[in-house]
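What follows is a set of notes on a single structure, which appears directly below.
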Amino acid sequence: MADYKIGTRSSQLAVAQTQAAAQLIEALGHRVELVTMETKGDRVLDRALHQVGGKGLFTEELERALLNDTIDLAVHSLKDLPTQLAPGLEIGAYVLPEDRRDVVLAGMPLSEWRPGMAAGTSSLRRAAFLRHFWPEIEVKPIRGNLQTRAAKWHQGQVDGLVLAAAGVIRMGWENQITQYLDPLVMVPSPGQGILAIEAAHHRTDLRELLAAINDVRSERIAIMERAVLDELGGGCQVPLGAFAEWVDVDRLRLTAHVASVDGGVLLRETVESSSREAESVGRAVGRKLREQGALALIQTQEG
Ligand SMILES: NCc1[nH]cc(CCC(=O)O)c1CC(=O)O
């Protein structure tokens with residue numbers, strides 16, 4: 001009998017991530033069992049992610065299982081979690097930060113692409129930032145798990161892919177990475193590269209375990225980046241990049257970009273602060289982006 005049941009999406013990436021998180025718990029002397037579940041985000045593959053819509057597209061089934069104690073913990077890519085979790089749930093630990101940048105998988109770096117070459121991405125944020133910074137490159141929306149996207153590239157449907165380094169590395173595909181994009185230009189998604197362990201609020205028996213594996217420095221970063229997102233509506237389908245990095249033992253620098261989907265407009269904010277103020281400073285940046293018109297940009301995209 002396992003001590004803890006850990007829920008995960010069934011994709012290869014999700015399972016790899018969950019196994020890595022499970023090892024942290026096993027290292028403390030506990031036995032764990034993985035429970036795989038398919039989510040709506042995995043099933044609906046014929047529409048772009050922002051069209052499938054709804055918060056928690058990749059998380060709903062797991063959250064229900066947490067609430068009724070079918071599983072004890074669920075592991076998610078933090079960036080797939082909305083800022084407002086379903087009632088009764090919380091992020092108990094932030095773990096295993098991986099490279100937080102976006103990467104290009106292609107024959108050559110973006111600067112060498114010829115006009116009209118096509119980059120495949122499933123992310124509204126990547127599409128908008130690509131259009132802004134590399135307007136001569138064509139952006140093709142593509143869906144599916146990482147294997148499916150890689151297959152579409154290998155079949156020549158696109159000339160390359162733009163993905164999260166973290167996912168590519170966790171799949172063991174590091175040797176396919178052509179280029180790491182500058183996170184101050186192609187600003188990553190809030191929480192990208194960090195894993196979140198979600199638990200039900202009523203499971204006070206798990207608090208000690210979660211505190212023991214929590215990575216406090218990742219937690220600070222996550223709180224700051226997600227505060228920006230929360231001020232802008234909180235969903236995962238906002239063309240927002242928010243990236244916090246340590247610039248001193250207790251200081252964080254936050255960079256945030258919001259773009260229109262056509263790439264025509266790009267709003268930017270950068271700020272440095274004590275890590276203790278991560279949340280309030282993140283919120284202030286979110287409000288500044290709103291004052292610059294971020295919500296109008298975001299709303300145009302839904303039509
Ligand atoms: N939206 C899918 C998703 N969710 C998390 C990752 C990568 C891993 C991470 O960011 O932690 C990916 C793939 C991608 O964006 O390329």
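All values reported here derive from a predicted model rather than from experimental measurement. Start at 1 and go down the list; that is how both ligands and their atoms are numbered.
No more than 12 heavy-atom neighbours from other residues, nucleotides or ligands sit within 6.0 angstrom of CD on Gln12.
Looking at Ser77, Ala165, Ser123 and measuring to atom 5 (C) of ligand 1, the nearest heavy atom belongs to Ser77. With Ala164, Gly191, Gly193, Gly167 as candidates, the residue nearest to atom 16 (O) of ligand 1 on a non-hydrogen basis is Ala164.
Not counting sequence neighbours, Glu174 has no partner by the salt bridge (Lys or Arg N to Asp or Glu O under 4.0 Å) test. Listed by chain and number, the residues in a salt bridge (Lys or Arg N to Asp or Glu O under 4.0 Å) with Glu269 amount to none (sequence neighbours excluded).
Close approach to Leu163 involves these atoms of ligand 1, each under 4.0 Å from a residue heavy atom: 16 (O).
A side-chain donor-acceptor contact under 3.5 Å links His154 to the backbone of Ala150.
In Arg126, the part holding a heavy atom less than 4.0 Å from any atom of ligand 1 is the side chain. When heavy-atom distances to ligand 1 are checked against a 4.0 Å cut-off, Arg170 comes that close only through its side chain, counted from C-beta outward.
Cation-pi contact between Arg217 and Trp246: present, with separation from the ring centre below 6.0 Å and deviation from the ring axis of at most 45°.
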